[in-house]
Amino acid sequence: MNNLRNISENINICKGFRGSLKTNELFSGHTTFRTGGAIPLYAEPVDEEDIKTILLFFREKEIPSFILGGGSNIVPEDDGLDFAVISTCRLDGIAVCEKKDDEGTLLLICGAGTPIQKITDFCIEKGYSGFESFAGLPGTAGGAVFMNARCYGASVSDVLESVRYADCSSSDISFVDYTMKKDDWDYKRSPFQNTTDIILSASFRVKKGDGEDIRKKSEEFIEDRRNKGHFRYPSAGSVFKNNRSFGKPSGQIIQDAGLRGFSVGDAQVAPWHGNIIINKGKASSSEIKELSETVAFRVKEMFGFCLENEIIFVNHGSIR
């Protein structure tokens, strides 16, 4: 921690880094829950070489770091953060190329920090079909790949072609191109979880379609999210994964346990949906964590089901 504090006080010490470095940036400004304490050192690299520069610098200084995407699925600690944060927000861009097949497939090559909404808007504008199910999904391309986000029966892995990532497992940091292999993926699971790899960009398969139909379908999904209350309060969407062996969605099980509307401080199980926790105003990360643990305990006690968190609680123990 002392080393991190010293570096924070001399933020220009990382030679060759072209992005921005900030001290005491509030995590709460970068999460959809609007919670999280001050980040001692916050970095925004501008490209993959900048990622390598800052990673090697942190490694040399023995500073642990956390990779931040859109902050739509995380709950950082309230205070006492003793790690640096590297945001992918400047790895933001979309390029289009043709895939050499007989089906007219196009590839959208998206930087890891590209907001999903930017991608769906781009598809609507250009008349590209295949991404409609993800309209209204918060977060970024990198985060959606990492979590293998699933919306309305479609998973990101269903449209994923390839991923470019930084392999941080060796003494140096190398860039690797991964080609989609279905066996590597499962429900809300990807081969990038539980590794030190950092997603830099991803390419997704789309096709030319009817622009008006694409717009209509996308707007229907956004409206359904709105009707389900996804945008009423700060939240992270679904808190727990669904488990087919339970026979019901997690939200229904939580409702059956009588927990809709249950609160810990300003953290509340949404009165209208059992699998959404909302920040009613001034909820802390610790209140959200306590609430999710209480819900899981009650469900286990009443029905014997072990709910699995979808949201990630970020603390020093979860950092690379």
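- Side-chain N or O atoms of S72 include none that pairs as donor or acceptor with a backbone N or O of T32 at under 3.5 Å.
- By the criterion of side-chain heavy atoms lying less than 4.5 angstrom apart, applied directly or through intervening Ile, Leu, Val, Met, Phe, Trp or Tyr residues, L26 is not grouped with F313; the two fall into different hydrophobic clusters.
- Enclosure of atom CG in D79 is not indicated, since only 12 or fewer non-hydrogen atoms of other residues, nucleotides or ligands lie within 6.0 angstrom.
- Sorted by first and then second residue, the ring-ring contact (aromatic ring centres under 6.0 Å, His included) pairs involving residues 234-268 (not counting sequence neighbours) are F246-F305.
- Across every non-hydrogen atom of Y42 and C89, the tightest pair is OH-SG, 4.4 Å.
- Listed for the Q117 side chain is a donor-acceptor partner under 3.5 Å among the backbone atoms of G136.
- A donor-acceptor pair under 3.5 Å is absent between the side-chain atoms of Q193 and the main chain of P191, judged by distance alone.
- Across every non-hydrogen atom of L55 and I86, the tightest pair is CD2-CD1, 3.6 Å.
- For the pairing with C110, the side chain to side chain contact (heavy atoms under 4.5 Å, CB included) check across I116, V145, I119, T140 returns one residue only, I119.
- A heavy-atom distance below 4.5 Å is found between the side chains of F204 and L160.
- Using a 4.5 Å heavy-atom threshold, the side chains of D50 and F17 count as touching.
- For the ring pair (Phe, Tyr, Trp, His ring centres under 6.0 Å) with F221, the qualifying choice from F131, F134, Y152 is Y152, the only one to do so.
- Two different hydrophobic clusters hold Y128 and I124 under the rule that ILVMFWY side chains link at heavy-atom gaps under 4.5 Å.
- With respect to the salt-bridge test (charged N to carboxylate O, under 4.0 angstrom), the residues R226 and E223 qualify.
- Between the side chain of N73 and the backbone N or O of E310 there is at least one donor-acceptor pair closer than 3.5 Å.
- Atoms CD1 and CD, from I173 and E49 in turn, are 10.5 Å apart once rounded to the nearest 0.5 Å.
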(message) I'd like to know whether L137 forms a side chain to side chain contact (heavy atoms under 4.5 Å, CB included) with T120, so could you lay out the CA-CA distance, the side-chain angles of the two residues, the decisive distance to 0.1 Å, and finally the verdict.
(response) CA-CA 9 Å; L137 181 71; T120 55; over 6 Å; no
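- Distance check: T195 OG1 to Y165 OH gives 8.0 Å after rounding to the nearest 0.5 Å.
- At a threshold of 4.5 Å between non-hydrogen side-chain atoms, the residues T35 and P76 count as touching.
- When atom types are taken as modelled, the side chain of K241 and the backbone of E308 share no donor-acceptor pair closer than 3.5 angstrom.
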(request) Step by step, work out the side chain to side chain contact (heavy atoms under 4.5 Å, CB included) result for K188 and N242. (result) CA-CA 10 Å; K188 294 189 177 179; N242 291 319; 5.6 Å; no
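- Side-chain atoms of I51 and L91, non-hydrogen and from C-beta on, do get closer than 4.5 Å to each other.
- The two residues N148 and V156 come nearest to each other via the heavy atoms OD1-N, 3.5 Å.
- For NZ of K181, the number of neighbouring non-hydrogen atoms (other residues, nucleotides, ligands) closer than 6.0 Å is greater than 12.
- The hydrophobic cluster around I276 extends to Y233, W272, I278, counting ILVMFWY residues whose side-chain heavy atoms fall within less than 4.5 Å of a member.
- Between C168 and R59, the closest side-chain pair of non-hydrogen atoms falls below 4.5 Å.
- For the residue pair N275 / S250, no side-chain donor-acceptor distance below 3.5 Å is found, with atom types taken as modelled.
- A side-chain donor from one of S203 and S162 sits under 3.5 Å from a side-chain acceptor of the other.
- The distance from atom CG of L41 to atom CG of L81, rounded to the nearest 0.5 Å, is 12.0 Å.
- R260 contributes no side-chain N or O that, together with a main-chain N or O of G251, makes up a donor-acceptor pair within less than 3.5 Å.
- V206 is not listed as a side-chain neighbour of V96, based on a closest heavy-atom distance of 4.5 Å or more.
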(message) Let's go through L108 and C123 carefully: what are the C-alpha distance in whole Å and the side-chain angles of both, what is the deciding distance for side chain to side chain contact (heavy atoms under 4.5 Å, CB included) to 0.1 Å, and is it a yes or a no?
(response) CA-CA 9 Å; L108 300 184; C123 288; 3.5 Å; yes
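- Closest approach of S133 to C151, counting heavy atoms only: O-CB, 3.2 Å.
- Without hydrogens or angle criteria, D186 side chain to R189 main chain gives no donor-acceptor distance under 3.5 Å.
- When side chains are defined from C-beta on, I67 counts as touching T88, because their heavy atoms get closer than 4.5 Å.
- In this structure, K248 pairs ionically with D256, as a charged nitrogen and a carboxylate oxygen lie closer than 4.0 Å.
- Side-chain heavy atoms closer than 4.5 Å link hydrophobic residues (I, L, V, M, F, W, Y) into clusters, and following such links, possibly through other members, connects V176 to F146.
- E219 contributes atom CD, which lies 13.5 Å from atom CG of D224 (distance to the nearest 0.5 angstrom).
- Donor-acceptor pairing under 3.5 Å is recorded for the side chains of D184 and Y178.
- Residues Q268 and S263 share a closest heavy-atom pair of CG-OG, 3.2 Å.
- Going from atom OG of S65 over to atom CD1 of I198 covers 6.5 Å, rounded to the nearest 0.5 Å.
- Side-chain contact between V75 and I312 is absent, with no heavy atoms from C-beta onward closer than 4.5 Å.
- Within the 3.5 Å criterion, the main-chain N or O of K207 finds no donor-acceptor partner in the side chain of S129.
- Within 6.0 Å of NZ in K208 there are more than 12 heavy atoms belonging to other residues, nucleotides or ligands.
- Clustering ILVMFWY residues whenever any of their side-chain heavy atoms sit less than 4.5 angstrom apart, transitively, puts L200 in the very cluster that holds L56.
- In this structure, N194 places its CG atom where only 12 or fewer heavy-atom neighbours from other residues, nucleotides or ligands lie under 6.0 Å away.
- For the residue pair S155/S157, the side-chain donor-acceptor check at 3.5 Å is not satisfied.
- Separating the CZ atom in F297 from the CG atom in L307 is a distance of 13.0 Å, to the nearest 0.5 Å.
- No more than 12 heavy atoms of other residues, nucleotides or ligands sit less than 6.0 Å from atom NZ of K217.
- No donor-acceptor distance shorter than 3.5 angstrom exists from the side chain of R205 to the backbone of K99, with no hydrogens or angles considered.
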(request) Apply the test side chain to side chain contact (heavy atoms under 4.5 Å, CB included) to residues V85 and E25: give CA-CA distance (whole Å), side-chain angles for both, the deciding distance (0.1 Å), then the verdict. (result) CA-CA 10 Å; V85 169; E25 180 82 359; over 6 Å; no
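- Judged as a salt bridge (charged side-chain N to carboxylate O under 4.0 Å, His left out), the pairs with a partner in residues 269-290 (not counting sequence neighbours) are, in order, K289-E293.
- Under a 3.5 Å cut-off, the side chain of D78 and the backbone N or O of S285 do form a donor-acceptor pair.
- Counted by atom type alone, R90 and S20 present one or more donor-acceptor pairs between their side chains at under 3.5 Å.
- The two residues H230 and S235 make their nearest non-hydrogen contact at O-OG, 3.9 Å.
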